[in-house]
2 protein chains.
Amino acid sequence: MTDQREHILGCACDLYLEAGLEGFSMRKLAQQVGVTAPALYRHFENREDLLLQVVGEAHNVLGSYLYRALSAPTPGQRFSAAGEAYLEFALEHPRYFQIMHAFAEHLGLSEVPAELEERTAAVKRFWDDRVRECMDSGVLRRDDPDRVGLTLWAHAYGLLSLYLRGLLDAPESAFRVLYSDSFARILRGLGTSEYGAELDHHLLSHSGEPDSSGISVLEGGTP
Amino acid sequence: MTDQREHILGCACDLYLEAGLEGFSMRKLAQQVGVTAPALYRHFENREDLLLQVVGEAHNVLGSYLYRALSAPTPGQRFSAAGEAYLEFALEHPRYFQIMHAFAEHLGLSEVPAELEERTAAVKRFWDDRVRECMDSGVLRRDDPDRVGLTLWAHAYGLLSLYLRGLLDAPESAFRVLYSDSFARILRGLGTSEYGAELDHHLLSHSGEPDSSGISVLEGGTP
DNA sequence: GTCTATAATCCGATAGAC
DNA sequence: GTCTATCGGATTATAGAC
């Protein structure tokens with residue numbers, strides 16, 4: 001009652017979380033709020049505006065999960081907790097995870113507003129910070145934190161997306177193990193030690209220039 | 001003329017590729033084909049049926065890209081070529097990449113048909129096969145090919161998704177480098193060698209049971 | 001601020017003539 | 001197989017009274 005706008009926004013999140021993007025209409029929302037549809041336009045410009053606020057709330061919730069991970073005592077534990085937090089967020093709020101990563105056109109947007117891009121960039125920065133302090137403390141190999149953060153983020157995001165789309169037949173408990181295992185594999189490395197030693201010498205051979213004779217990142221692995 | 005059904009399907013792919021999922025309507029498609037909307041229903045049951053055929057075509061195109069990678073002479077090169085093929089497919093046909101990985105509800109499906117799941121599984125199997133032969137030839141560390149294939153697939157998919165959504169400010173040329181670099185990092189491993197040695201001893205400490213005292217995959221990295 | 005009423009579109013899908 | 005005509009429904013958004 002005190003703030004009808006917030007009440008509507010809360011209902012909008014609920015509606016989205018249970019009905020999804022397709023099921024999110026101004027009429028249904030009005031019904032859930034307990035008013036008629038035109039009343040919504042006194043508080044929000046249009047459907048697009050409302051959906052963007054929902055995305056904002058999704059970021060808030062993710063933020064609360066990530067923030068919790070910062071209470072772990074060591075960089076390594078904070079890193080680990082961050083990975084777990086991302087997992088928990090996606091499993092407990094799959095719709096939020098989905099809308100945060102939806103293509104702009106699915107939201108009916110011509111382009112993503114800068115404020116939203118900034119929030120996404122903040123998530124990336126969180127990963128980068130975890131990586132950086134792990135490098136400083138010797139848990140992670142020293143490297144470009146920005147690049148390493150992206151590698152880790154992309155992996156986690158990809159794995160969770162595949163799972164949430166039901167492409168992995170594993171039940172949730174098995175997926176949790178799989179998720180941790182996959183992280184462990186990345187940290188340990190997939191190549192053989194000979195390959196790793198070899199790789200360090202021509203890591204930049206992927207320029208795509210014709211004169212590199214098609215040599216790619218894995219080539220020469222078995223000299 | 002010879003096969004109107006294929007002509008419609010071709011136009012459907014074109015329409016989707018330029019208009020996206022939101023812009024894909026039976027009316028627009030009919031206009032593009034050069035007939036009226038009801039005529040489409042002589043060849044396809046409904047919009048859902050048509051969209052599924054488009055997804056099928058997307059899989060066909062991806063398949064042609066992956067197939068090309070098999071012509072490389074060594075397992076390591078085939079692995080590398082597979083990664084590049086996945087990249088090229090996503091960059092050259094971003095809409096196909098998008099629709100292949102769209103959530104079922106975005107396609108207006110209650111559930112994904114088994115035939116489509118099978119095609120997705122085939123992509124996964126392709127990665128697994130590349131991994132397996134790399135393990136056999138000593139380029140990749142011996143491990144569960146299914147798990148390692150998933151790790152690699154998730155990473156590639158995640159990275160490409162983030163890029164196609166415009167979250168990485170890098171231009172395409174820079175992204176190509178970034179993509180290869182990220183693969184290289186995963187193959188080499190992100191952890192320090194001390195961490196890697198330590199990890200092998202309690203890789204299974206992520207069971208989530210309370211008695212593991214919260215020990216997670218990264219803990220104990222600096223003994 | 002909220003209502004009733006309605007405009008203005010767009011959609012998927014069908015009936016029946018040809 | 002394709003057409004015209006149309007049904008039946010959904011949606012976003014607005015106008016104007018209260």
Side-chain angles (χ1 to χ4, degrees), chain A residues 1-56 95 99 102-113, chain B residues 1-56 95 99 102-113:
Chain A
M1 283 299 201
T2 60
D3 197 338
Q4 176 76 326
R5 186 191 152 94
E6 281 200 12
H7 178 217
I8 294 174
L9 184 53
C11 290
C13 291
D14 292 344
L15 176 61
Y16 166 74
L17 287 177
E18 71 182 50
L21 208 53
E22 314 283 274
F24 186 89
S25 73
M26 302 297 273
R27 288 165 128 87
K28 287 184 192 169
L29 175 57
Q31 189 178 5
Q32 192 141 330
V33 173
V35 297
T36 57
L40 302 176
Y41 291 87
R42 285 281 156 185
H43 305 271
F44 297 89
E45 275 197 357
N46 47 37
R47 178 179 186 266
E48 175 180 326
D49 184 23
L50 255 165
L51 269 179
L52 282 179
Q53 305 288 336
V54 173
V55 179
R95 298 268 201 199
I99 201 175
F103 282 82
E105 63 181 20
H106 288 346
L107 301 180
L109 314 176
S110 52
E111 60 183 273
V112 181
Chain B
M1 284 299 203
T2 60
D3 197 337
Q4 177 75 327
R5 185 191 153 94
E6 282 201 12
H7 178 217
I8 294 174
L9 183 55
C11 289
C13 290
D14 291 344
L15 176 61
Y16 167 76
L17 288 176
E18 71 182 50
L21 210 53
E22 315 283 275
F24 187 90
S25 74
M26 301 298 273
R27 288 166 130 88
K28 287 184 192 168
L29 174 57
Q31 189 177 5
Q32 192 141 332
V33 173
V35 297
T36 58
L40 303 175
Y41 291 86
R42 286 280 156 186
H43 305 271
F44 298 89
E45 275 197 357
N46 47 35
R47 177 178 186 266
E48 177 180 324
D49 184 23
L50 254 165
L51 270 179
L52 283 179
Q53 305 287 336
V54 173
V55 178
R95 296 271 199 196
I99 202 174
F103 282 84
E105 65 181 20
H106 289 346
L107 300 180
L109 314 175
S110 53
E111 58 183 276
V112 181

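Values below: all heavy atoms of this structure, side chains included; hydrogens, waters and symmetry mates excluded. First the proteins, then the strands, lettered A, B, ... as listed; each starts at 1.
Taking only side-chain atoms of A:Y41, from C-beta outward, the nucleotide of D:dT2, C:dG12, D:dT14 with the closest atom is D:dT14. Taking the side chain of A:T36 as heavy atoms from C-beta on, and the options C:dC3, D:dA13, C:dT2, the nearest nucleotide is C:dC3. Listed candidates were D:dC3, C:dA13, C:dT2. Nearest to the side chain of B:R27 is C:dA13.
Taking atom CG of A:D3 as the reference point, atom C1' of C:dG1 lies 13 Å away to the nearest angstrom. One can place CG of A:L51 at 14 Å from P of D:dT11, the figure rounded to the nearest angstrom. Separating the CZ atom of B:F44 from the P atom of D:dG1 is a distance of 12 Å, rounded to the nearest angstrom. Atom pair A:R47:CZ and D:dT11:P shows a separation of 10 Å (rounding to whole Å applied). Rounded to an integer number of Å, the gap from B:Q31 CD to C:dC10 C1' is 14 Å. What separates CG of A:D49 from P of D:dA13 is a distance of 10 Å, to the nearest Å. Whole-Å rounding puts the B:H7 NE2 to D:dG1 C1' distance at 15 Å. Residue B:F24 contributes atom CZ, which lies 16 Å from atom C1' of C:dC10 at whole-angstrom precision.
Where B:P38 and A:K28 each meet DNA chain D at their nearest nucleotide, the meeting point lying more 5' is that of B:P38. Heavy-atom distances to DNA chain D give each of B:A37 and A:M26 a nearest nucleotide, and the one nearer the 5′ end belongs to B:A37.
To the nearest 0.5 Å, atoms CD (B:Q53) and CD (B:E45) are separated by 10.0 Å. The structure places OH of A:Y41 at 8.5 Å from CG of A:L50, a figure rounded to the nearest 0.5 Å. To the nearest 0.5 angstrom, B:L9 atom CG is 9.5 Å from B:D14 atom CG.
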- Query: Checking salt bridge (charged side-chain N to carboxylate O under 4.0 Å, His left out) for the pair A:K28/A:E18: CA distance, chi angles, key distance, verdict?
  - Reply: CA-CA 12 Å; A:K28 287 184 192 169; A:E18 71 182 50; over 6 Å; no

- Evaluate the side chain to side chain contact (heavy atoms under 4.5 Å, CB included) criterion for residues A:I99 and A:L51: first the C-alpha distance (whole Å), next the side-chain angles of each, then the deciding distance (0.1 Å), finally the verdict. CA-CA 9 Å; A:I99 201 175; A:L51 269 179; 4.1 Å; yes

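Neither OP1 nor OP2 of D:dT2 sits under 4.0 Å from any side-chain N or O of B:R42.
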